[in-house]
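Working notes, beginning with the structure itself.
To find a chain, count down the sequence lines: A is the first, B the second, and so on, and within it residues start at 1. Computed from heavy atoms alone, side chains included, the values below leave out hydrogens, waters and symmetry copies.
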Amino acid sequence: MKEELEHRIAEACRELFGTDVKVELTRPEEQFGDFSTNVALQLAGQVDKNPREVGEALAAALREKLAGQVTEVSIAGPGFINLRLSDAALLAALSEQPAKSLAGQTVVAEYSDPNPFKVLHAGHLYTSVVGDAIANLLDNAGGEVHRVNFGGDVGLHVGKTMWAILKELGGENPDKLNEIPEDQRSEWLAEAYINGTNAYEDDESAKTQIIELNKRVYALHNDNDHDSPFAQIYWTTRQWSYDYFDKFYARIGSHFEKYYPESETAPVGLQTVREHVPDVYQESDGAIIFDGEKYGLHVRVFINSEGLPTYEAKDIGLIMLKKRDYDFDKSVVITGNEQAQYMAVVLKSMGQFAPELVQATSHLTHGLVKLQGGEKMSSRKGNILRAEDVIDAAAHANKELTGQDNDDTVLGAVKYAFLKNRMGGDIVYDPKESVSLEGNSGPYLQYAHARARSILAKTENQGSLDNAELQPDERSLARKLGEYTEVVNRATGELMPHHIATYLYELAKAFNGFYEHNRVIDDERQNVRLALVANYADKLKAGLGLLGIAAPDRM
RNA sequence: GCCCGCGUAGCUCAGUGGAUUAGAGCAUCUGUCUUCGGAACAGAGGGUCGGCGGUUCGAAUCCGUCCGCGGGUACCA
């Protein structure tokens, strides 16, 4: 609808003035019409005429040209042209679907990125929720989406954890791992990491041992060692970590088809970087660097002076592996803000030898999760806000408010609270507000959906909009429903799920306003109104679905 | 120092070139309706859109500058 009108208005501009204009229809306030365009203002400058005059001429042409779909064309203010759709056109828009702009394309979405041997914190929950929503949008647009994860199974944090594990096991005794009950493994690992971290800071000899263990972990990967006692401990506990991640992801409704451990991307990255010395990367002080300063960025080390790959090289390797595994057309990577400039350097360097991969890549970043009224979280000493703490806080607040334990409500509350914010800035999470049934919350929308379903459940008849002539309140609701595809298309194009959250809330408000004054069942307008309610319930459910939020029929 | 991001009502946030009064939610205050799930609806108060300058017919939105906060700035991720 929108695209078609834009196209035909552009055509009219060409016919009348012989110039090409980019027509963008916007949604004005309802009193002004259904669509609005400022082309007359743009054209006025180009053809050197008064905007009002240009507007009048264009409006006259549009009245004829768009007669089938548009009942009113008016000029307002400095020269805006407002269009009012016919009821038929307005209703036709209700059955439109979001654009399949990614049909036939393969997309890799990487997000969450927890490190094995460490706990999932609030930030991981946030990127998982946002990443899922974005992946859903890409999928909804027809893309073949692969959700993948990346994390450090080698590195100093592993050395710290291994140190504490060995101490706990009384040496390299893999058999003793069997004594740890399955349901305590993740907590046991989390404690090991904290103990290792503390020892590293407080105890010089421990620090030396940890550095040594870190090297042994790298070495066992190089040697493909799965049999030595040390290796058995490493592989077993690494798997415990992945099991813990999987379990958590299942709890929040996420699923990743692949984990890329750094141990796999490191060799590929190392080789790729070495292949491009000295044309892209150069040696400097014994390290291999990329001089981003040439491009207004900064210098970063890709291979350190010990010959080990840094995160930069591992990321290069990751992109190569994703390409090898999926041959993607588009790649989306979601990380924290602190990696924005870092990633710019990595991608700039890669652009020197694989520009097509870089062009296909979008790096999105988000801020931190903070608890309302709480202090900032710190990764030191383990006093961080864990992912599960956030969900538990929501569950607790929900229990206090409603007396119920309802996973759909709790998860819906947390996810919506995260997703309603534009991605990029830090967000403040307030458990009480998130589970509230009033205001702009997930449960409010879930309830709005359940309420609509219960109306529909009262009759077999699902109504019809065929040849309907709308009353003013019905028209307002239909107008809002018609924005759905535009909003989804925008959210998909910008990779910004919050547009959907904002819209769904407005839609629910619009519906509640309608419902307050208009009877549905046993009314002479029942047929039309039922169909509107059905369309509303479907859109609410679909929109929440894109956000990864359940929309139960009953609550 | 340099680079990047952010600064909108008491609080949490939309809006990122357009439309006489800058929008929501929470909180505060006031109403409506004998309720197709009232977990509703309507309304009021509350803002120099961080400050100043500029571009434009038009700026919260673009540019410059200053202030404040956060992040990055060679062998962490």
Does OP1 or OP2 of [N] have a side-chain N or O of [X] closer than 4.0 Å?
X        : N     : answer
A:His517 : B:U32 : no
A:Lys314 : B:A77 : yes
A:Lys420 : B:G25 : no

Can you tell me if A:Phe32 is stacked onto the base of B:A19, using a 5.5 Å centroid cut-off and an angle below 30°?
yes

ring centroid sep under 5.5 Å plus plane angle under 30, A:Phe80 with B:A19
yes

Closest approach to the side chain of [X], judged atom by atom: which nucleotide of [options] is it?
X        : options             : result
A:Gln341 : B:A77, B:C75, B:G72 : B:G72
A:Gln339 : B:G37, B:A77, B:G72 : B:A77
A:Ala76  : B:C75, B:G25, B:A19 : B:A19

Nearest-nucleotide check on RNA chain B, A:Pro309 vs A:Lys509; residue mapping nearer the 5' end is A:Lys509

On RNA chain B, does the nearest nucleotide to A:Ser36 precede the nearest nucleotide to A:Arg300 from the 5' side, or the other way round? Give the residue.
A:Ser36

Using Watson-Crick or G-U wobble geometry with both distances below 3.5 Å, tell me the partner of [N], or none.
N     : result
B:G68 : B:C6
B:G25 : B:C11
B:C36 : none
B:A59 : none

Centre-to-centre under 6.0 Å for A:Tyr126 and A:Phe418, is that the case here?
yes

Between A:Arg300 and A:Gln341: side-chain donor-acceptor atoms closer than 3.5 Å
no

Is any side-chain N or O of A:Thr310 under 3.5 Å from a base N or O of B:A74, one able to act as donor and the other as acceptor?
no

Side-chain contact test, heavy atoms from C-beta onward, threshold under 4.5 Å: evaluate it for A:Thr361 versus A:Met350 and give yes or no.
no

Protein-nucleotide distance (A:Tyr416, atom OH; B:C26, atom P), rounded to Å
12 Å

Using the salt bridge (charged side-chain N to carboxylate O under 4.0 Å, His left out) criterion, which residues pair with A:Lys22? Sequence neighbours excluded.
A:Glu24

